[in-house]
Amino acid sequence: MSIIIQSPLAGTVVSAAQVPDPVFSTGMLGTGLAIDPDRAAGEVTVLAPITGTVDKAHPHAFVVSDGAGHSVLVHLGLDTVQLGAEGFRMHVAEGEAVAAGDPVVTWCPAGVEAGGRNPIVPVVALQADALQIIPSPEGTRISAGQALMTWN
């Protein structure tokens, strides 16, 4: 069964290979893409990419799993774990059910960038093989909730 992974926020699609962090650029966790988020919007609410359960919920990252073997990681910026919860407002907790498009966390990409960190947002199909993923083309402008990848 294939599923659509929705973009958790608006921005520009970037290949995972272009993410300046080897955990994401080498596909260590699975296959994915990244979103270079819009900065002008100020605070941005990040949405659940699939329907399922929130398996992990940290201010800077979360995982949603659908119970059928699909788990998607959304990581808000690079080195943002160092911020703790500062600048992030959670809307869900671990164990909660979410529908694709539900609000998960609100943050400010421009604020992260102003603090010297990269606000790029890797979206990873955990443990997915590259052959299972049909990605949106790099450089595509994408809206929150729009199809980002198909996981076959």
Side-chain angles (χ1 to χ4, degrees), residues 3-65 70-94 96 98-128 130 133-151:
I3 67 164
I4 301 296
I5 298 172
Q6 297 179 4
S7 182
L9 71 168
T12 303
V13 176
V14 176
S15 74
Q18 299 302 312
V19 176
D21 182 318
V23 170
F24 301 110
S25 65
T26 64
M28 194 178 299
L29 301 175
T31 300
L33 293 169
I35 305 297
D36 185 13
D38 293 338
R39 314 294 198 283
E43 282 198 338
V44 174
T45 298
V46 181
L47 310 177
I50 62 173
T51 296
T53 302
V54 179
D55 281 346
K56 297 288 180 194
H58 301 285
H60 70 284
F62 61 91
V63 175
V64 178
S65 298
H70 305 104
S71 295
V72 179
L73 165 69
V74 177
H75 198 284
L76 306 176
L78 303 181
D79 300 322
T80 49
V81 67
Q82 299 164 353
L83 298 173
E86 186 179 332
F88 300 91
R89 190 170 61 255
M90 296 297 300
H91 303 291
V92 299
E94 285 184 20
E96 283 189 40
V98 292
D102 282 354
V104 176
V105 61
T106 299
W107 73 312
C108 181
V112 165
E113 190 169 54
R117 291 173 176 80
N118 189 327
I120 198 162
V121 178
V123 180
V124 180
L126 295 173
Q127 282 88 41
I133 301 297
I134 301 169
S136 291
E138 185 175 358
T140 302
R141 288 275 313 135
I142 198 160
S143 299
Q146 190 175 349
L148 178 63
M149 298 180 269
T150 301
W151 189 341

field: Separation between CG of Leu29 and OG of Ser71, rounded to the nearest 0.5 Å
entry: 12.0 Å
- prompt: Which is it for Leu78 and Phe24 under the side chain to side chain contact (heavy atoms under 4.5 Å, CB included) test, yes or no, and what are the steps along the way?
  reply: CA-CA 10 Å; Leu78 303 181; Phe24 301 110; 4.1 Å; yes
Side chains of Thr150 and Ile133 in contact at under 4.5 Å (non-hydrogen atoms): no
Tabulate below the donor-acceptor pairs under 3.5 Å that side-chain atoms of residues 39-52 make, not counting sequence neighbours, or state none.
from	atom 1	to	atom 2	distance (Å)
Arg39	NE	Glu113	OE1	3.1
Arg39	NH1	Asp36	OD1	2.8
Arg39	NH1	Pro37	O	2.5
Arg39	NH2	Asp36	OD1	3.1
Arg39	NH2	Glu113	OE2	3.1
Glu43	OE1	Arg89	NH2	3.4
Thr45	OG1	Thr106	OG1	2.9
Thr51	OG1	Ala100	N	2.9

statement: Between the OG atom in Ser143 and the CG atom in Leu148, the distance rounded to the nearest 0.5 Å is 11.5 Å
Let me have the donor-acceptor pairs involving side chains of residues 118-128, under 3.5 Å, with sequence neighbours excluded, atom names and distances please.
from	atom 1	to	atom 2	distance (Å)
Asn118	OD1	Ile120	N	2.9

query: Which residues satisfy the side chain to side chain contact (heavy atoms under 4.5 Å, CB included) test with Ser15, sequence neighbours excluded?
result: Ala17, Gln18, Glu138
field: Min side-chain heavy-atom separation Leu76-Val105 under 4.5 Å
entry: yes
- prompt: Where is the tightest heavy-atom contact between Pro22 and Met28, given as atom of each residue plus distance?
  reply: O-CE, 4.1 Å
- request: Walk me through it: do Arg141 and Asp38 pass the test side chain to side chain contact (heavy atoms under 4.5 Å, CB included)?
  value: CA-CA 10 Å; Arg141 288 275 313 135; Asp38 293 338; 2.9 Å; yes
task: Identify the heavy atoms of Gln6 and Gly101 that sit nearest to each other, and give their distance.
output: OE1-N, 3.8 Å
- prompt: Would you call Ile5 and Leu33 a side-chain contact if the rule is heavy atoms closer than 4.5 Å?
  reply: no
query: Which atom pair, heavy atoms only, marks the closest approach of Ala61 to Leu73?
result: CB-CD1, 4.2 Å
- line: Residues passing the side chain to side chain contact (heavy atoms under 4.5 Å, CB included) test with Thr80, sequence neighbours excluded, are His60, His75, Leu83, Phe88, Val112, Arg117
field: Heavy-atom pair of closest approach, residues Pro8 and Val74
entry: CG-CG1, 4.0 Å
task: Can you sort out the partners of His58 under side-chain hydrogen bond (donor to acceptor under 3.5 Å, both in side chains), two or more places apart, ordered by chain and number?
output: none
field: Pairs meeting criterion side chain to side chain donor-acceptor pair (under 3.5 Å) with involvement of residues 20-33, two or more places apart
entry: none
message: Test: salt bridge (Lys or Arg N to Asp or Glu O under 4.0 Å). Region: residues 72-85. Which pairs qualify, not counting sequence neighbours?
response: none
- prompt: Given side chains that start at C-beta, do those of Glu94 and Lys56 come closer than 4.5 Å, heavy atoms only?
  reply: yes
Pairs involving residues 37-56, ordered by first then second residue, that meet ring pair (Phe, Tyr, Trp, His ring centres under 6.0 Å) (sequence neighbours left out): none
- prompt: Can you tell me if CD on Glu86 sees more than 12 non-hydrogen neighbours from other groups inside 6.0 Å?
  reply: no
- request: Only counting residues at least two apart or in another chain, list the ones meeting side chain to side chain contact (heavy atoms under 4.5 Å, CB included) with Asp102.
  value: Val98, Ala99
- prompt: Is a side-chain donor or acceptor of Glu96 paired with a backbone partner of Val54 at a separation under 3.5 angstrom?
  reply: no
- request: With sequence neighbours left out, write down each residue that passes side chain to side chain contact (heavy atoms under 4.5 Å, CB included) with Ala16, or none if nothing qualifies.
  value: none
